[in-house]
Amino acid sequence: MTNTALFYALGEFFCMAIMLILTGALKPITNYGKREKWLAASLVSETLYFLGDALDKLQMGGVLPASQAGLLFTGTYKLWMLDFVSLAVFFYIDQYGEFSLVDSRPKRMLVCSVAVLNGVFELLVLLINPGWLLTDQLQPTLLYNLLLLLVPLLYSLAAIGLAINGIRQSPSKNIRQFYLTTASWPMLLVIFGGLDIYVGTFPFYAYVATACLLFLAVYQFRTLVDTVSLGSLSNIKGREKLKSYLKSIQWRGASSDYYLVLVDMNGLRSINDIYGRSEGDQVLFAVSQAVGQLAEKMHGFSCHYGGDDFLAVVKLADDAEAKRVFDDLQEEVKHMASIQGLPVVPQLVTSAVRLDMAEGDLTAQLRIAEEKIYHQKRDLDGEMRENNFFVDKVTGLPNTNYFHSFASSYLKSCLEKGDQPAVVLINISNMQAYNNRYGFEKGDQLLSRIAQIL
């Protein structure tokens with residue numbers, strides 16, 4: 001019995017090591033989405049379950065001192081951990097759909113309620129009569145084994161239903177293949193978990209669960225490799241996923257409810273020239289985060305369109321709501337620039353096209369969105385000019401960014417003409433003392449007056 005328990009526990013510890021390696025491999029990834037988070041939650045919770053199961057087996061096998069309190073603790077711990085594993089795996093599979101349950105708070109709470117209610121029931125049983133879970137011979141009862149398999153079984157059936165619905169609704173071949181491959185795995189875990197309980201001498205569940213999660217992790221890593229680099233030379237895969245998402249909307253006849261949003265970041269070339277490409281990449285990444293959060297918040301889709309442009313597909317009521325969303329997006333970019341210590345706050349120019357325009361043709365819709373962006377840039381009003389990257393807000397004169405961006409080309413043109421350009425530096429002495437004595441408002445007025453003279 002002792003050797004069997006040791007062999008069983010060693011198998012669990014081996015599986016734990018694999019789970020920890022996979023979890024560590026996920027850690028360096030910076031563009032964590034909800035799928036990656038649920039995969040990480042599955043790996044961590046499964047590792048914790050293996051630990052509890054190994055300790056439980058070592059106690060029952062006499063390797064560790066066994067007591068009713070100790071076995072009840074590890075037994076209840078196993079119940080709760082397995083419930084959470086089942087929930088995390090279900091939500092991971094759910095995240096591959098275009099419209100997942102986890103994105104809706106009421107639906108997410110409904111799905112979680114099964115595990116929560118089962119956990120509460122297990123706790124009540126433990127408090128009322130521990131003998132319903134553990135016999136006098138310190139062996140798990142039939143009720144305990146049923147509770148151990150109940151929640152995983154329910155979530156397995158739900159995963160199969162989720163997959164059937166996803167296969168029927170999704171036009172994406174990749175998503176259908178994912179559902180076909182993974183939908184039966186939770187049920188497979190339940191079957192081998194039952195076999196594990198029946199035999200009791202070999203960790204069937206641990207090995208099968210490790211194989212399943214290893215497959216999911218490899219699949220997810222492959223997906224991340226496709227999308228991890230924002231500055232990749234080709235955006236074909238991102239656009240293909242966008243097309244798939246648009247097809248799913250058209251499939252349901254919901255095009256009139258969604259907008260294609262084009263986000264253009266102004267002044268990236270100037271930021272690269274002045275502050276360097278490293279800072280420019282950070283600014284670009286901040287914008288990509290803001291656009292991604294917008295799409296996630298509105299249960300939509302986003303991707304890098306190319307250069308300093310991003311695309312999003314979100315559900316909007318009308319153009320007025322689109323304007324409010326654009327204003328919120330700019331504020332979010334300002335917030336990210338502040339907390340990340342970026343040298344500048346990037347200015348965004350945005351446009352939106354309803355998906356039922358241009359007969360649903362993506363190329364035509366993009367052309368319309370790009371024309372809107374062009375006109376917005378050309379017809380910047382006074383307020384936008386005041387906030388322009390190249391204009392000083394106080395004086396209204398071109399600022400240092402403008403000088404660094406265009407002075408060299410002006411200097412070159414002067415030299416080509418045979419002119420002798422000169423650089424004049426005008427320094428206002430004791431400006432700080434002036435501000436301290438008369439206040440910053442008076443100081444700004446003085447600078448503005450000097451600018452007018454210049």
Side-chain angles (χ1 to χ4, degrees), residues 33-35 91 93-111 161-176 178-179 235 238-264 287-305 309-332 348-373 375-376:
K34 288 186 177 179
R35 280 183 299 192
F91 276 144
I93 296 174
D94 170 65
Q95 275 295 298
Y96 268 85
E98 280 85 359
F99 297 92
S100 65
L101 298 173
V102 74
D103 290 332
S104 169
R105 181 179 174 83
K107 292 179 181 178
R108 184 169 66 247
M109 297 304 295
L110 179 63
V111 173
L162 189 73
I164 293 173
N165 184 62
I167 292 170
R168 287 176 55 248
Q169 290 192 1
S170 178
S172 170
K173 181 180 178 181
N174 290 335
I175 292 179
R176 291 198 300 268
F178 174 82
Y179 281 133
N235 295 291
R239 295 181 195 179
E240 287 301 318
K241 291 178 181 178
L242 172 67
K243 291 178 182 178
S244 173
Y245 187 78
L246 293 175
K247 285 180 181 178
S248 69
I249 294 174
Q250 294 169 354
W251 190 297
R252 298 189 305 275
S255 297
S256 60
D257 297 330
Y258 288 83
Y259 279 72
L260 176 70
V261 177
L262 177 60
V263 180
D264 178 275
V287 175
S288 74
Q289 285 183 304
V291 175
Q293 288 183 11
L294 166 69
E296 185 174 312
K297 179 181 178 182
M298 304 190 72
H299 308 155
F301 178 90
S302 65
C303 71
H304 183 217
Y305 182 48
D309 295 332
F310 298 87
L311 286 173
V313 177
V314 293
K315 192 173 185 179
L316 297 171
D318 49 35
D319 292 341
E321 184 182 5
K323 187 179 184 307
R324 290 194 297 271
V325 169
F326 295 161
D327 292 340
D328 292 342
L329 179 61
Q330 180 66 66
E331 289 301 316
E332 181 63 24
L348 305 182
V349 181
T350 51
S351 65
V353 180
R354 209 169 63 190
L355 289 184
D356 59 353
M357 293 181 63
E359 300 181 351
D361 182 67
L362 177 60
T363 302
Q365 291 168 350
L366 286 172
R367 189 180 301 114
I368 295 172
E370 288 169 351
E371 288 179 359
K372 288 184 176 182
I373 291 288
H375 289 298
Q376 285 187 59

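These values consider heavy atoms only, across backbone and side chains, with no hydrogens, waters or symmetry-generated copies.
Residues meeting the side-chain contact (heavy atoms from CB on, under 4.5 Å) test with A320, sequence neighbours left out: D318, R324.
The closest donor-acceptor contact from the side chain of S255 to the backbone of D356 lies at 3.5 Å or more, if one exists at all. In terms of modelled atom types and a separation under 3.5 Å, the side chain of K315 and the main chain of M298 share no donor-acceptor contact. Between the side chain of Q330 and the main chain of L348, a donor-acceptor pair closer than 3.5 Å is present.
Checking each of D309, L294, V291 against V263 for a side chain to side chain contact (heavy atoms under 4.5 Å, CB included) leaves exactly one that passes, namely V291.
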Inset, instruction - Carefully, step by step, assess Y305 and E370 under the rule side-chain contact (heavy atoms from CB on, under 4.5 Å). - result: CA-CA 12 Å; Y305 182 48; E370 288 169 351; 3.0 Å; yes
Legend entry - Candidate pair F91 and V111, rule side-chain contact (heavy atoms from CB on, under 4.5 Å), full reasoning: CA-CA 9 Å; F91 276 144; V111 173; 3.7 Å; yes
Legend entry - Chi angles and distances behind the side-chain contact (heavy atoms from CB on, under 4.5 Å) call for F301, L246: CA-CA 9 Å; F301 178 90; L246 293 175; over 6 Å; no
Legend entry - Pair L362-L260, side-chain contact (heavy atoms from CB on, under 4.5 Å): steps then yes or no: CA-CA 9 Å; L362 177 60; L260 176 70; 3.9 Å; yes
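Between L311 and L366 there is a side-chain heavy-atom pair separated by less than 4.5 Å.
The distance from atom CD of Q293 to atom OG of S288, rounded to the nearest 0.5 Å, is 9.5 Å. To the nearest 0.5 angstrom, T350 atom OG1 is 6.0 Å from I373 atom CD1.
In terms of heavy-atom proximity, G292 sits nearest to S302 at CA-OG, 3.5 Å.
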